[in-house]
Amino acid sequence: MEESAWRVLLGTWPGRVGVALIAALALVSAGVLLLLPLDFGRVWNDPSAWADLPKAAPPEWSAYLLGVRPSLQREIELEPVVRGDGYEVLEATFALESDLPPSHLIVKVRSVSFQRDPPALLIDLIRPDGIAVPVARISPPGPRAGESPPFLRYAERPLRVEVGPGSEGVAYMSRELAARYGVQLSGTEQPSHLLFGAPDPSSGRLVVLRGRYAVRAAFYGSEGDRVGSVSVVLGGSHYGLMGTDGVGRDLMLGLLYGFPVALGIGLFASVLVTSIGALLGLLSGYYRGAVEAVIQRAADVVANVPLLPLLIFLSFVLRPSVITIMALLVAFSWPGLAIVIRSMVLQITPLPFVEASRAMGSSDLRVMLLHVLPQLAPYLLAQTVFFAPSAILAEAGLSFLGLGDPTIPTWGQILELGFRTGAVFTGYWWWVIPPGLLLALTGIAFASLAMGLEPLASPKMRRQ
Amino acid sequence: MFRWLAVRAASLLLVLLTVLFLMVVVLGATGYSDRILQAIVSEQLRALREGLAQRIKDPEELERALAELKGEMERAVGLDRPWYSRIPETVLRVMTLDLGLARSARSSTGSNRIVDILAERIPNTVILVTTSLLISAALGLAVGAWLARRAGSRVDRAITYVSAVSNALPSWWIGIVLLIVFAYQLRLFPSGGMLSSPPPEDWFSRGIDVLWHAFLPVLTLVAISTGPSIYASRSMLLNVAQEDFVSVARAKGLPERAISWRHVLRPAAPPIVTGLILALPASLGGAILTETVFNWPGMGRLYYNAVLTGDEGLVVALTYLYTLMYVVARFALEVIYVYLDPRIRV
């Protein structure tokens, strides 16, 4: 763009808002493309990649906002304190000073190797009040037929043991709470409330027992048996900047990945629509006759097709990818522009400079490209910007109806999953508000930019 | 005038036929039409089986008779022919909604015939869409007229900006936010549906109950379609207000009220109807998503359920009905346009 065009654009405040927001969106998208893997969709859809994270955990800052100290997600590696031949003790301590207990406790064991009989690994959680909770007893599967020592287990994937409801540790802790503190349990308590809880002296309700905890792992094997590493995962009561969804996925990453996807959908579809609409409008305005009749009749019909129902139908039957969704969108969106461009071309072609060029023997192509198209360019630019949010919203709408491309996470799909999981009625606001807010922000960005471009595109401005 | 309307009607009919043809071709080419027909045949066979089993006692003979019957019926619906030779029949089938039984959706009387289910859903959608379209048209005209008189002022610029931008917002998400705030947090409005359960006895409190349930969905739809409506009314009124005949009227010394009613509002009426025509597809589309958010028992919510349960017969029927509804509403607005625009009437 020329310098004066920038001045016009930045002279109105919708233009300034638009330029600033689009620049921010583009910057985030570029950063995401550089930092996140391009096949992030596969990671996103792989539940094992998110198994350690808490499910449906609100963002950390929301806890501070409510004046609650959250317990943060951590993974604590146990250090060997005693190391004998075939006998090891590993230990780690951690402080728990939060108002909420960790969401869950997972024990992870990597690379156990043994020579003859499977070794045993006993892991205890030692609480500040001295109760040692047996949280895991692990014994790897014995030698398979035809396997020769040393036998290696849990090398490729660590063994994960979640101390869940009904586990030995939770049952032990329920008994201890009743025996030592006389707590009446209803049986509906969360496992982590039992593991990390003690009755409040005044009210008798279960609260977090604060203080230093220890985790001790004792490894019993024969000569030459070894354990690679043992760690415990304390799930966060709150997680990250944006919280997690029902599968434990970090919503921050999904939302970030949505930036380049949304921007790509918007720009790709709108550039395509503008090109096709402009081309057809140009042809029918320039050549008139049969070309015009065919194109404009077709435009009349296609312009009147109700878009969303047909998109729903086609997406339902064809199960398309993001690319085909965009293609379908383009296929039904070009007519408006073709009709307007035709009437603009009809006004431009009789102008003296076009006539002169023709009289000098310029080819049709040359006249169209060199004389007619430049007159349309500012309007086309504004239209490209104007159409982008409709494309993004159409994709989001289809995703919301469960017709999105499952291989690529988009804001619409995150919202849909949240809505279908009942986020609205369970109060999981962090799952459905941010993706919609980002959609709205993107829409506002493009709409503002389009408004800022309006003075450039309107014929009155161009004559000056 | 009739000629003009006839041309519009023909053009809209062509739209309907194009959509139908496209649907039938896609259904045929992807094998969906075969599946729908097969489901219809096996449904009818199941009904006939009882009767046959009464007459034919020998199980082997019964199976043979059923197989023969099945072949006959498949020939009758055209399953023995390639899909493209069945296009006219399939178009007719879609138009008469003869698409077999719904998978899991039921009407309130328990029928699973697609026609029965749709018949009770259509009014619910029509109520929602027309109410919100009328409210946003009235609101758009009022605010648009108010703004046109203050064109160029700060308020005007701000509201114009908001109306233009509101077009680019995800309406259904606004619905979700309203739900979280008013239904979940404040518990002022119900979280979805159309009637409380159990519904109130007498018709008056029943009406109030429907209004109470309809408040948030209507608010959502109005929120998205009022912006464009304000924008359209404002620019139409501004255009007319700058015409010479308005200056003449003012020069004649006519009171401002008379000028705005007779010389500005009246000539701007047809273009405002055009604005409504343009807002129609967005409202219909928005209603699909809004009904889904608010669990409103209309066609849109049914669409969502049909997609979730993979009910192809319902999806086809709904796509056709939405197109039909759009075409009919569109034509109705064209008739109003003709009535309002004397240039076409003569």
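Chain naming here is simple, since letters A, B, ... match the order of the sequence lines and numbering starts at 1 in each.
- In this structure, the portion of Tyr303(B) lying under 4.5 Å from any heavy atom of chain A is its side chain and not its backbone.
- Ranked by heavy-atom pairs under 4.5 Å with chain B, the list Leu318(A), Thr426(A), Leu311(A) is led by Thr426(A).
- Of the residues considered (Gly427(A), Ser315(A), Ala303(A)), Gly427(A) shows the highest number of contacts with chain B, using heavy-atom pairs under 4.5 Å.
- When the candidates Val305(A), Val432(A), Ile433(A) are compared by the number of heavy-atom contacts under 4.5 Å with chain B, Ile433(A) comes out ahead.
- Only the side chain of Thr30(B) comes within contact range of chain A, with heavy atoms under 4.5 Å apart.
- Only the side chain of Thr18(B) has a heavy atom closer than 4.5 Å to any heavy atom of chain A.
- Between Leu401(A) and Tyr304(B), the closest heavy-atom pair is CD2-CD1, 3.8 Å.
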(request) Check the pair Leu310(A), Leu22(B) against side-chain contact (heavy atoms from CB on, under 4.5 Å), reporting the backbone distance first and the verdict last. (result) CA-CA 10 Å; Leu310(A) 206 59; Leu22(B) 182 72; 3.8 Å; yes
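- Of the atoms belonging to Ala306(B), it is backbone heavy atoms, and not side-chain ones, that fall under 4.5 Å from chain A.
- When heavy atoms are compared at a cutoff of 4.5 Å, Met23(B) approaches chain A by way of both its backbone and its side chain.
- When each of Gly443(A), Gly412(A), Pro306(A), Ala447(A) is scored by its heavy-atom pairs under 4.5 Å with chain B, the top score falls to Pro306(A).
- Ser448(A) and Tyr161(B) form a side-chain donor-acceptor contact under 3.5 Å, judged by distance and modelled atom types alone.
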